[in-house]
Amino acid sequence: GTYYEVDGGGNRVVHVVGDGYHLIAGSDYVNVKGHANLTVDGHCNTLVKGDYNIKVEGDMNVEVEQDFNTTVFGDTRQLYESKLITTALGAVSSVYNDTFDSVIIGEVTDTYNSKIVTTLEKKTEFFIAEEYHHNYFEKNPFNGYCNVIVRPKVEKFRKEYKAWFI
């Protein structure tokens, strides 16, 4: 059933009680106790003019039956305190228009059920990189990618080909 009450601040609060749920709606909040399913039979847009936080105290699953696009105009930080498991049943593409840094502390396992193909193609044009890319490793030795990926390769090369260096 549905009933109304007035809270201590004089605000009207709506209560909707059904089998397995109790919805409480005040002037600036909605609280659902129990189980709830939200179905939108048309388009759904959400505009949040302040911070937007999601906290899930149990498991969280997202299922998208068609395309899924994410556009971030600022910085993005993802922190996984345990495991991150990603399963792609189709093709996967990553495009980075600038720099991609990845620092991994611990083990990494990549498993592919099919072969990985890399192609090298001759290009007829050559473009000089912007100045900030020149000698990038020497200028940015503590950059995550440089420190974890490039440094061991440079050290190995210098050790194996030390006769080449004066």
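What you see is a predicted model, and the numbers here were worked out from it, not measured in a lab. Nothing fancy with the numbering, it's 1 onward along the sequence.
- Electrostatic pairing of Lys55 and Glu57 counts as a salt bridge here, judged by a charged N lying under 4.0 Å from a carboxylate O.
- Here the shortest heavy-atom pairing between Val56 and Ile54 reads CG2-CG2, 3.9 Å.
- Annotation: side chain of Pro141 is in contact with side chain of Arg151 (closest heavy-atom distance under 4.5 Å).
- Here the straight-line distance linking atom CG of Asn37 with atom OH of Tyr21 works out to 11.0 Å at 0.5 Å rounding.
- When the side chains of ILVMFWY residues are joined at heavy-atom separations under 4.5 Å, either directly or via intervening members, Val40 and Tyr52 end up in two distinct hydrophobic clusters.
- Note that CG of Asn143 and OH of Tyr136 are 4.0 Å apart. Values are rounded to the nearest 0.5 Å.
- Across all their heavy atoms, Asn140 and Cys146 have their closest contact at O-CB, 3.4 Å.
- Using bins of under 30°, 30° to 60° and over 60° for the plane-to-plane angle, the ring pair His15/His22 lands in the tilted bin.
- Between His134 atom NE2 and Lys139 atom NZ the span is 7.5 Å, to the nearest 0.5 Å.
- No more than 12 heavy atoms of other residues, nucleotides or ligands lie within 6.0 Å of OH in Tyr145, so this atom counts as exposed by the packing criterion.
- Formation of a donor-acceptor pair under 3.5 Å by the Asn135 side chain with backbone atoms of Glu138 is not found in this model.
- Inter-residue side-chain proximity for Ile24 and Val13 is flagged as met; some heavy-atom pair is nearer than 4.5 Å.
- Residues Ile149 and Lys153 approach most closely at O-CG, 3.5 Å, considering heavy atoms.
- With Leu23 as the partner, the side-chain contact (heavy atoms from CB on, under 4.5 Å) test is satisfied by one option alone out of Val16, Thr2, Asn31, Val14: Val16.
- Rounding to the nearest 0.5 angstrom, the gap separating the OH atom in Tyr29 from the CG atom in Asn11 is 8.0 Å.
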